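So the structure is just underneath, and the comments pick up after that.
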Amino acid sequence: MRSLFLCALLGGCTLLQPPPKPAEKPLGPGEIVSAQAAQDVLSIGSSTKAEVRAALGEAVVVDFASGYEVWVYRERPPEKPQEPAAPQAELVLLFAPSGVLSKTRVR
Amino acid sequence: MRRRSRFLFIAFLATCGAAPAQAAEDAVVVTALRHPVAKSYDRMVAGMALFEQRRHLAPGAALRFKLLPRKQQTAMDGVELEIAADSVGIALEVAPDRTFVLERNDVALKEKAKVVPNRKAGTMTWRADVRTPGLPPHTRRLGDLRLECEVGMKAGLISDYPPSFFGWLDELLPQGPSYCHRAEPRYLFFADRPLFSVTLHDGPRREVLSVDRLYAGASRDARWKKGLGYCDCEALIDRAYFVPLGDTSWPDDTLVELEYM
């Protein structure tokens, strides 16, 4: 009888526990968690394309005939859409033809 | 031989390949190609009339038109331009910045003249150019851009885009000046140099435009290079931007600040 009571109590506790958190969806190409935090790890005048790719993942790349490249990262949109919809934060990087980061901006 | 007949004859030679290579290179093609570089004179004059009607948008500015390269290899030095009709040919003076002023000529209007540069079709594009004097460096004025759009649409300066190009530019063509009153018209402006950022500035209010409003929206379309050859922004895509012309919360005196690469 005592064992049955303990089993019921433990079972109840298990039921009361919150369900495990679903695994975080991996970031897609050009997605980052925080535009500001991503900008903070970069260094204008020294970060290279390979270093930025290693740190932030693949970007959306717009490359020009001049050799300049613009790389765009966007913060992942919230799973629950906000009303009114907040603009998606973006981190925009400019690489000189040398392949070195020359400008950044967060919006 | 009358002027238009002479142009058509040269165009015919160029199209058939019967002319010597140099002559074909120099040929002025008026109507033989599907998308001739020449523009309709009467539509451009209609654009000038609209400028007068709507000049309250840019009271201190004058109207000029501007020639821009459409291909990377387009040589813009020595561009010559004329109003070509059956019985008149009027040479236009092209300034070093490739702008020019058009004057009204009743004979040219009556004869449905064309405004014709000495460049092959598909090598250049056109825009209206409205600039209020005395602005800070690297800025444009929103009212000037609003008027540029309206005049450009009225004058038929925008080149044809194939359906589905960038998924959105194709909707622009059939529209008139009212297209510019939309909140988000996709009328492309070109800065003097490659752009990194565009900011709207009105008193204490500032807004950096999304990168999606630069480079003809290339950052939103992974296939943007496939359609680039059809866009009149092909050679200037790193200078191209559009602004929220129809958003009336931004007054005409709003400064459009351009940060270059």
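Chain identifiers are assigned alphabetically (A, B, ...) following the order of the sequence lines, protein sequences preceding nucleic acid strands; residue numbering begins at 1 within each chain. Quantities reported herein were computed from a predicted structural model and do not represent experimental measurements.
- Relative ring orientation between B:Y260 and B:H138 is described as perpendicular, the plane-to-plane angle rising above 60° on a 0-90° scale split at 30° and 60°.
- With a 4.5 Å cut-off on non-hydrogen atoms, A:R105 touches chain B through its backbone and its side chain both.
- Using a 4.5 Å cut-off between heavy atoms, A:L93 contacts chain B through its backbone alone, with no side-chain atom that close.
- Looking at A:V70, only its side chain comes within 4.5 Å of chain B, counting heavy atoms on both sides.
- For chain B, the nearby part of A:S66 is the side chain; its heavy atoms alone come within less than 4.5 Å.
- Chosen from B:S197, B:S210, B:A235, the residue pairing most often with chain A at heavy-atom distances under 4.5 Å is B:S210.
- Proximity of the aromatic rings of B:F65 and B:W126 is defined here by a centroid distance below 6.0 angstrom, and this criterion is not met.
- Heavy atoms closer than 4.5 Å to chain B are found in the side chain of A:V60, but not in its backbone.
- At distances below 3.5 Å, at least one donor-acceptor pair connects side-chain atoms of B:N118 with backbone N or O atoms of B:E80.
- Using a 4.0 Å cut-off between a side-chain N of Lys or Arg and a carboxylate O of Asp or Glu, B:R220 and B:D212 qualify as a salt bridge.
- Judged by the 6.0 Å and 45° rule, B:R127 forms a cation-pi pair with B:Y187.
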